[in-house]
Amino acid sequence: MRNNGNDVPMNDGVSHAEGPDQPDQTVDDTIRLNWREKLVEFGLVMAMAMFGTLIGVLVAVTSLITMRNTLNDLAPGFTEAGSIPFIILVVVAVAIGNVCSFSCAPYIIRLLFRGNELKDDRMDRAVNHLISVTGMDIKAERIYAIKGKTANAVVSGLFRKAQYIFFTDKLLERMSEGEIMAALAHELAHGRHRHMTWMFLVLLLWTLVVQVFLSLIDYYAYFDSIGESWKMWVFSGINLVNIYLLMFLVLFPLSRRNEYQADGTAALWVGIGLYKQALYRLYQINDQLKPPRKFLAKLGTHPTLQERLERVGSLE
């Protein structure tokens, strides 16, 4: 169902942007971010994926060090790098690490960013409207407000039934009621398409493919002549490179694809005109209207404003 946004109450005491051509005179000249805001800008979901993968690597390494003899007794060759049991151990460890990371993310965010349950009439009206449009079971008590110098919103949690949505206070203060509803619709669209679950599965698939590839080329045999202490440093470096390749070759492009998909779904829920206004307003508040250089745009977790507006506009 489409909605052009005209039936959304706009008399909320917040200054409104009439459209993309009107500048916002109240935008700060410089936004200085602390480590919390930088984490939000990087992408909390991306950070959790990296953290979970790191936990998985540590679990695998710790298991190999502390239970080496036991594992060999139970399954000969288990601790031999490149063996099938070794590959299974690494994949299982990464799965455990990311399940822990994604599942704990909502609680970590509430702790780090001093999140409080959002009690706001505008949000209540947005929730009720989107329930009628989407048919989703939206629980208002799972929507939180967090501190932040930038306007942002994020959905967190591995499975849709246990996901939480966070809005920075800057977004709530500077965006209109209709624009807030559009931002909520975007985060709900991530849940509708199960983007968190797909990202988790992609992480496991990448881990499996990399380990199988290294096994097929007998990669680990090249390090047999290296001492055990050095071997740990070498493998740590390899894992670090692997994580960077995972980010730039897989997770960042996947994240941008997910944003396009969430944009398209949310725009159909709230109306294309209203959604484009909300997108523009979000970038305007954060002083991000100027497109980044092309190579930097390819290294981001989100597409540029121009790219997102063009994709949404193509739905008209």
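Worth knowing before you read on, the calculation uses all heavy atoms, side chains too, and leaves out hydrogens, waters and symmetry mates.
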Under 3.5 Å: donor-acceptor pair, side chain of [X], backbone of [Y]:
{"X": "T265", "Y": "A262", "result": "no"}
{"X": "R281", "Y": "S176", "result": "no"}
{"X": "T207", "Y": "L203", "result": "yes"}
{"X": "K147", "Y": "F113", "result": "no"}
{"X": "T168", "Y": "T150", "result": "yes"}
{"X": "D124", "Y": "K119", "result": "no"}
{"X": "S103", "Y": "G157", "result": "no"}
{"X": "S255", "Y": "L251", "result": "no"}

Which atom pair, heavy atoms only, marks the closest approach of [X] to [Y]?
{"X": "A95", "Y": "F200", "value": "O-CE1, 3.7 Å"}
{"X": "Y283", "Y": "P303", "value": "OH-O, 3.1 Å"}
{"X": "I109", "Y": "S156", "value": "CD1-OG, 3.6 Å"}

Set of residues satisfying side chain to side chain contact (heavy atoms under 4.5 Å, CB included) with respect to A126, sequence neighbours excluded | M181, L184
Members sharing V209's hydrophobic cluster (side chains within less than 4.5 Å) | L205
[X] [atom1] to [Y] [atom2] distance, which is reported to the nearest 0.5 Å:
{"X": "N286", "Y": "Q284", "atom1": "CG", "atom2": "CD", "answer": "10.0 Å"}
{"X": "L274", "Y": "L279", "atom1": "CG", "atom2": "CG", "answer": "10.0 Å"}
{"X": "F102", "Y": "M199", "atom1": "CZ", "atom2": "CE", "answer": "6.5 Å"}
{"X": "R194", "Y": "N258", "atom1": "CZ", "atom2": "CG", "answer": "13.5 Å"}
{"X": "L289", "Y": "L282", "atom1": "CG", "atom2": "CG", "answer": "10.0 Å"}

Classify the ring geometry between H190 and H186 as parallel (under 30°), tilted (30 to 60°) or perpendicular (over 60°).
-> perpendicular
Geometric class of the F248/F252 ring pair [parallel <30°, tilted 30-60°, perpendicular >60°] = perpendicular
Excluding sequence neighbours, so at least two apart, what forms side-chain hydrogen bond (donor to acceptor under 3.5 Å, both in side chains) with Y164?
-> none
Matching residue for D263 among R311, R257, R308, R256 - test: salt bridge (charged side-chain N to carboxylate O under 4.0 Å, His left out) = R308
